Amino acid sequence: MFRVSNFVVGLANTLVMLVGISAIGYSIYMFVHQGVTDCESAIRAPLLTTGCILFVVSLIGVIGSCFKENFAMVSYLIILFTGIVALMGFSIFLFFVTNKGAGHVVSGRGYREYQTVDFSTWLNGFVGGKRWVGIRSCLAEARVCDDLSYGPVSQIADAFYHKNLSPIQSGCCKPPSDCNFEFRNATMWMPPTKNETAVGANNNGDCGTWSNVQTELCYNCNACKAGVLANIRAKWRNLLVFNICLLVLLIIVYSCGCCARRNNRTARKSDCA
């Protein structure tokens, strides 16, 4: 008799197998498709690896639960238990490294500004050294500042100051507020006249780094790095919530897997009797 626990494990792993096949297919598409950008191509290998792992593990689970192969089920439970422990450790790690970096409120502004020193050392590693060259080119490819070129926000200072900019837009598409630059439009700012101290007000040198060249803007600023870090932090925090939900699901599947293993052993003894 096919038990409920075997059905649950088989169904869950069938769904995961479909996800794995989709990941493999999409990664292969990116490998052969010529129109993929450099930023998108960076995820091809990790996506292919993840898809293969999901497919193999879920296949073992399906064999163990649906075909009542006890060795396959034991192997699946060992892999699943290892994954649960690793995911739990990774979630705790994520909680601590993303605990800082909420940004600074700017008086009279609808957006926050960010500094790299506000983030953990581990997060800062994402924008350090040669990595920033690739990220900067991705920002230029994605044209992250283009949204500011339309509507009243592009020409009216008050509308711009009260717009809720994303962390990347706040850091990369305008100079820091303490530079006291004069607004001309959303992506063109003029340094203050006869006030050299204001130009050097920013400790990271971002005031002198700003460029009105539309392909440069503040992409070389530390504020831009901080904006990218704020975006990464938000993604990791979302991943933390996802991991917690996934942990609950994996624990349920693991419990059903233990029951399915017991069912397999019982069925095997019945067949031998």
Side-chain angles (χ1 to χ4, degrees), residues 26 29-30 33-43 98 101-116 118-119 123 126-127 131-193 195 198-199 201-202 204-239:
Y26 186 60
Y29 166 80
M30 286 194 293
H33 196 264
Q34 299 299 320
V36 175
T37 65
D38 291 339
C39 300
E40 292 173 325
S41 65
I43 69 170
T98 60
H104 302 276
V105 176
V106 183
S107 178
R109 304 289 189 265
Y111 47 79
R112 291 173 177 263
E113 293 188 342
Y114 303 84
Q115 297 177 358
T116 53
D118 294 332
F119 298 90
L123 274 180
F126 280 91
V127 295
R131 287 185 176 183
W132 181 247
V133 177
I135 295 174
R136 187 178 59 199
S137 65
C138 287
L139 293 174
E141 269 185 21
R143 306 176 74 89
V144 295
C145 300
D146 278 9
D147 289 345
L148 303 177
S149 301
Y150 305 100
V153 69
S154 65
Q155 300 295 331
I156 303 174
D158 191 60
F160 178 85
Y161 290 144
H162 289 88
K163 182 175 175 58
N164 183 22
L165 303 179
S166 69
I168 292 179
Q169 288 176 329
S170 175
C172 306
C173 304
K174 65 169 189 61
S177 297
D178 59 7
C179 294
N180 297 321
F181 275 36
E182 180 184 350
F183 178 94
R184 291 295 176 85
N185 62 48
T187 55
M188 181 170 288
W189 300 71
M190 301 305 295
T193 58
N195 193 351
V199 177
N202 188 270
N204 293 326
D206 289 351
C207 300
T209 305
W210 168 263
S211 172
N212 283 318
V213 177
Q214 296 301 293
T215 55
E216 296 180 11
L217 299 178
C218 218
Y219 291 144
N220 290 314
C221 296
N222 282 319
C224 187
K225 293 181 180 181
V228 171
L229 288 179
N231 187 63
I232 292 174
R233 175 184 179 271
K235 300 296 184 185
W236 283 116
R237 297 295 283 188
N238 292 337
L239 179 61

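Given the structure is predicted, the values throughout are model-derived calculations rather than measurements. For this chain, numbers begin at 1 and follow the sequence in order.
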Check against side chain to side chain contact (heavy atoms under 4.5 Å, CB included), H104 and D118: CA-CA 9 Å; H104 302 276; D118 294 332; 2.4 Å; yes
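Distance alone, capped at 3.5 Å, places no donor-acceptor pair between the N185 side chain and the S154 backbone.
With sequence neighbours left out, S149 forms a side chain to side chain donor-acceptor pair (under 3.5 Å) with no residue at all. Residues satisfying the side chain to side chain donor-acceptor pair (under 3.5 Å) test with K225, not counting sequence neighbours, are none. Not counting sequence neighbours, the partners of D146 by the side chain to side chain donor-acceptor pair (under 3.5 Å) test are R143.
Each of T209, I135, L139 was checked for a side-chain contact (heavy atoms from CB on, under 4.5 Å) with Y219, and the lone residue meeting it is L139.
The OG atom of S137 sits 10.0 Å away from atom CH2 of W132, with the distance rounded to the nearest 0.5 Å. Atom OG1 of T98 sits about 14.0 Å away from atom NZ of K235, to the nearest 0.5 Å. If you take CZ on F160 and CD on Q155, they are separated by 12.0 Å, rounding to the nearest 0.5 Å. Taking CD of Q214 as the start and CD of E216 as the end, the distance is 10.0 Å to the nearest 0.5 Å. Separating the OG1 atom in T215 from the CZ atom in R136 is a distance of 10.5 Å, to the nearest 0.5 Å. Atom CG in N231 sits 12.0 Å away from atom CZ in F126 (nearest 0.5 Å).
In terms of heavy atoms, V228 sits closest to V127 at CG1-CG1, 4.1 Å. Annotation for D206 and P176: closest pair CB-CG, 3.7 Å, computed over non-hydrogen atoms. Residues L123 and W236 approach most closely at CD2-CD1, 4.0 Å, considering heavy atoms.
C218 has its SG atom within less than 2.5 Å of the SG atom of C221. In this structure, cysteines C172 and C145 have SG atoms that are not closer than 2.5 angstrom.
Contact check for D178 versus E113: no side-chain heavy atoms found under the 4.5 Å cut-off. Using a 4.5 Å heavy-atom cutoff, the side chains of F119 and I232 are not in contact. Side chains of S177 and Y161 form no contact here, defined as non-hydrogen atoms less than 4.5 Å apart. Side-chain contact between Y111 and Q169 is absent, with no heavy-atom pair separated by less than 4.5 Å. Counting heavy atoms from C-beta outward, L165 and L148 have side chains that approach closer than 4.5 Å. A 4.5 Å side-chain heavy-atom check between V106 and R112 finds every atom pair outside the cut-off.
Using cut-offs of 30° and 60° for the angle between ring planes, the F181 and W210 rings count as perpendicular.
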